[in-house]
**Q** 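Can you read through this structure? Questions will come right after.
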Amino acid sequence: MFTEKCDMGNVIIRKGSIEDVYYIHRLIPEFPGEIRSGFYEERLKLKMHLVLVAEVGGQLAGFKVGYESNEPQMFYSWMGGVIPQFRKAGVARALADKQELWAKENGFTRVFFKTRNRFPAMINFGMRRGFKIVGMIKKGSEDDYRIVMRKSF
């Protein structure tokens, strides 16, 4: 367990369950539509992975899920989100700090994530954390283009 101060008091970061993640996922407005059963389990099956959740005041506030990529020593920070009422309070930062610490402790030397062009706050969050834009994947409209960001430890 990892406890850190945030603007809303103490945020507790702990290993979470897939059920916790499904609960939080449904409360993230940027994730439209119904999430299908098995979405997370299928992606994580047979891979070294980490599921983190954040709690503020005993309430689930956010999550971060990542796993080993096919490239050696590279960790993929795959999915994450913070429930709107807990945003701008340091919850995402605390989740990312813990995920990156775990990745380093488990032999990873780099971490990457993908976001969409329509989420400039996420791009800025990555840049403030030392990530660099290393690629773009054209998919759908320009707003849906995937921005690939990576950093080394």
Side-chain angles (χ1 to χ4, degrees), residues 1-4 6 11-55 60-83 86-87 90-153:
M1 192 158 2
F2 176 78
T3 303
E4 185 172 310
C6 74
V11 58
I12 295 172
I13 307 298
R14 63 171 173 81
K15 286 188 177 181
S17 69
I18 294 296
E19 291 76 23
D20 291 336
V21 171
Y22 278 115
Y23 172 82
I24 299 165
H25 182 113
R26 288 182 190 99
L27 299 174
I28 307 290
E30 291 83 1
F31 299 154
E34 187 63 30
I35 185 169
R36 96 184 138 66
S37 176
F39 177 74
Y40 287 97
E41 293 89 344
E42 290 167 16
R43 183 67 70 103
L44 300 176
K45 184 173 53 177
L46 303 177
K47 293 183 178 164
M48 179 185 227
H49 63 272
L50 178 64
V51 175
L52 294 174
V53 295
E55 294 179 358
L60 288 170
F63 76 96
K64 200 147 186 62
V65 176
Y67 58 86
E68 65 181 326
S69 75
N70 293 330
E71 195 171 321
Q73 299 179 309
M74 177 91 76
F75 189 78
Y76 181 26
S77 181
W78 173 46
M79 291 286 286
V82 177
I83 298 170
F86 298 104
R87 292 182 182 171
V91 174
R93 179 181 38 80
L95 283 162
D97 287 348
K98 182 63 176 171
Q99 185 185 64
E100 289 176 24
L101 177 64
W102 181 90
K104 285 182 208 175
E105 289 172 347
N106 284 275
F108 295 95
T109 59
R110 296 165 294 158
V111 63
F112 81 101
F113 70 91
K114 297 174 195 170
T115 188
R116 294 181 191 220
N117 216 17
R118 71 171 170 236
F119 299 133
M122 190 64 202
I123 296 167
N124 289 331
F125 177 77
M127 295 190 82
R128 285 191 309 272
R129 295 190 60 77
F131 284 81
K132 306 259 190 258
I133 296 172
V134 296
M136 179 185 65
I137 301 165
K138 292 182 177 182
K139 194 170 185 178
S141 70
E142 284 182 1
D143 281 348
D144 285 327
Y145 286 7
R146 277 36 168 206
I147 306 302
V148 182
M149 302 185 76
R150 181 178 66 213
K151 87 176 196 181
S152 299
F153 302 130

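Computed from a predicted model, the values in this text were never measured in an experiment. Residue numbers run from 1 in the order of the sequence given.
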**Q** Please name the pair of heavy atoms, one in Q99 and one in S77, separated by the smallest distance, quoted to 0.1 Å.
**A** OE1-OG, 2.8 Å
**Q** Quick one: closest heavy-atom pair of P29 and R87, and the distance?
**A** CD-NH2, 3.9 Å
**Q** For L44 and V51, which heavy atoms make the closest approach, and how far apart are they?
**A** CD1-CG2, 4.0 Å
**Q** First locate atom CE of M79, then atom CD1 of I35, and finally report the distance between them rounded to the nearest 0.5 Å.
**A** 6.5 Å
**Q** Walk me through it: do Y23 and L27 pass the test side chain to side chain contact (heavy atoms under 4.5 Å, CB included)?
**A** CA-CA 7 Å; Y23 172 82; L27 299 174; 3.7 Å; yes
**Q** Considering only heavy atoms from C-beta outward, does the side chain of R146 approach that of K139 to under 4.5 Å?
**A** yes
**Q** Would you confirm whether the ring centroid of Y76 sits within less than 6.0 angstrom of the ring centroid of F112?
**A** yes
**Q** Take E68 and M74 through the side chain to side chain contact (heavy atoms under 4.5 Å, CB included) test and state the conclusion after the steps.
**A** CA-CA 6 Å; E68 65 181 326; M74 177 91 76; over 6 Å; no
**Q** To the nearest 0.5 Å, tell me how far N117 CG sits from D143 CG.
**A** 6.5 Å
**Q** Give, for atom CD1 of I13 and atom CZ of F63, the distance between the pair rounded to the nearest 0.5 Å.
**A** 12.5 Å
**Q** With sequence neighbours excluded, give me every salt bridge (Lys or Arg N to Asp or Glu O under 4.0 Å) pair touching residues 113-128.
**A** R116-D144, R118-D144
**Q** Atom CD1 of I147 and atom CZ of F113: how far apart are they, to the nearest 0.5 Å?
**A** 10.0 Å
**Q** Where do A54 and V91 come nearest, in terms of heavy atoms and distance?
**A** CB-CG1, 3.6 Å
**Q** Any donor-acceptor pair under 3.5 Å linking the side chain of H49 with the backbone of K47?
**A** yes
**Q** Heavy atoms only: give me the nearest R14-L60 pair and the separation to one decimal.
**A** NH2-CD2, 3.9 Å
**Q** Within the distance-only criterion (no hydrogens, no angle test), does the side chain of T115 pair as donor or acceptor with the backbone N or O of M122 below 3.5 angstrom?
**A** no
**Q** Holding to ring-ring contact (aromatic ring centres under 6.0 Å, His included), I want the full list of residues that pass it with F125, two or more places apart in sequence or in another chain.
**A** none
**Q** Given 3.5 Å as the limit, does a donor-acceptor pair link the side chain of D20 with the main chain of G16, or not?
**A** no
**Q** E55 side chain to I12 main-chain N or O, any donor-acceptor pair under 3.5 Å?
**A** no
**Q** Return yes when atom CG of N70 has more than 12 non-hydrogen atoms of other residues, nucleotides or ligands closer than 6.0 Å, and no otherwise.
**A** no
**Q** Are the aromatic ring centres of W78 and F39 under 6.0 angstrom apart?
**A** yes
**Q** Apply ring pair (Phe, Tyr, Trp, His ring centres under 6.0 Å) to the pair Y67 and F75, showing each step before the final yes or no.
**A** CA-CA 6 Å; Y67 58 86; F75 189 78; 7.5 Å; no
**Q** I'd like to know if the side chain of K151 reaches the main chain of V111, judged simply by a donor and an acceptor atom lying under 3.5 Å from each other, with no hydrogens or angles considered.
**A** no
**Q** Nearest 0.5 Å please: distance from the CE atom of M48 over to the CG atom of L50.
**A** 9.5 Å
**Q** What's the spacing between N124 CG and F131 CZ if we round to 0.5 Å?
**A** 13.5 Å
**Q** Mind checking whether V148 and I133 have side chains closer than 4.5 Å, heavy atoms only?
**A** no
**Q** Near E142 CD, under 6.0 Å, is it more than 12 heavy atoms from other residues, nucleotides or ligands?
**A** no
**Q** Specify the closest pair of heavy atoms between G81 and I24, including all atoms of both residues, with the distance to one decimal.
**A** O-CG2, 4.4 Å
**Q** Enumerate the side-chain hydrogen bond (donor to acceptor under 3.5 Å, both in side chains) contacts for residues 101-113, please, sequence neighbours excluded, ordered by first and then second residue.
**A** E71-R110
**Q** Kindly say whether the aromatic ring centers of F153 and F108 come within a distance under 6.0 Å.
**A** no
**Q** If the threshold is 4.0 Å, N to carboxylate O, is there a salt bridge linking E100 and R93?
**A** no
